[in-house]
Amino acid sequence: MYNHSKLSIGLREIIIAILGNGCTREQLNQLIKVSHTLANAFIASKTTAGTLSMVSGLTTSDLAYDCIADLFQQDSEGNYTQLKAYFAGLSLASQRDEEILAHVRRLVFSKVNQGIYRVC
């Protein structure tokens with residue numbers, strides 16, 4: 001599956017940078033990688049994973065990217081609107097990376113469920 005402690009390293013700093021529009025390409029890519037890893041594992045764990053791939057014509061990995069893509073869309077000012085909306089109510093500075101990973105996991109799983117519903 002995936003290693004939670006490895007995924008959560010530095011998540012707080014990455015998300016704070018992304019929400020403040022001061023992230024580096026490397027930080028953005030790291031959050032995309034974490035999100036994709038979670039989405040891919042979640043899709044693969046579903047008993048319908050093979051059927052989903054056949055119906056969508058996408059590999060599990062591609063389907064995972066498709067499901068999380070909306071999270072990384074920017075508005076005209078460069079804001080990641082869905083990430084800002086989701087994390088706005090959280091006090092990121094006071095949370096450990098593992099807690100932030102749990103929030104990211106909930107967000108990603110929700111997007112995967114929405115994406116699977118859209119595909120079917």
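In this chain, numbering begins with 1 at the start of the sequence shown.
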Within the 4.5 Å heavy-atom criterion, are [X] and [Y] side-chain neighbours or not?
X: I32; Y: L71; answer: no
X: V34; Y: V108; answer: no
X: T81; Y: Q73; answer: no

Reported [atom1]-to-[atom2] distance for the pair [X] and [Y], which is rounded to 0.5 angstrom:
X: I14; Y: Q30; atom1: CD1; atom2: CD; value: 5.0 Å
X: N40; Y: L63; atom1: CG; atom2: CG; value: 9.0 Å
X: I68; Y: L38; atom1: CD1; atom2: CG; value: 9.0 Å
X: L11; Y: Q27; atom1: CG; atom2: CD; value: 11.0 Å
X: I43; Y: C67; atom1: CD1; atom2: SG; value: 4.5 Å
X: N79; Y: L19; atom1: CG; atom2: CG; value: 9.5 Å

By side-chain contact (heavy atoms from CB on, under 4.5 Å) - contacts of [X] (at least two apart):
X: E26; answer: T24
X: L90; answer: F87, L92, Q95, H103
X: A102; answer: R105, R106

- prompt: Can L83 and L107 be said to form a side-chain contact (heavy atoms from CB on, under 4.5 Å), step by step?
  reply: CA-CA 9 Å; L83 293 174; L107 177 60; 3.9 Å; yes
If you look at every heavy atom in [X] and [Y], which pair is closest and at what distance?
X: D97; Y: G10; result: OD2-N, 3.0 Å
X: N21; Y: E77; result: ND2-O, 4.0 Å
X: A44; Y: T60; result: N-CG2, 4.0 Å

task: Name all residues meeting the salt bridge (charged side-chain N to carboxylate O under 4.0 Å, His left out) criterion together with R96; count only those two or more places apart in sequence or in a different chain, and write none if there are none.
output: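 Partners of R96 by the salt bridge (charged side-chain N to carboxylate O under 4.0 Å, His left out) criterion, ordered by chain and then number, come out as E98, E99.
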- request: Can you tell me which residue pairs pass the salt bridge (charged side-chain N to carboxylate O under 4.0 Å, His left out) test with a partner in residues 46-67, sequence neighbours excluded?
  value: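 Sorted result for residues 46-67: D66-R118.
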message: Show me the pairs that pass ring-ring contact (aromatic ring centres under 6.0 Å, His included) and involve residues 59-86, at least two apart or across chains.
response: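 As it turns out, the ring-ring contact (aromatic ring centres under 6.0 Å, His included) pairs with a partner in residues 59-86, which skip direct neighbours, are H36-Y65.
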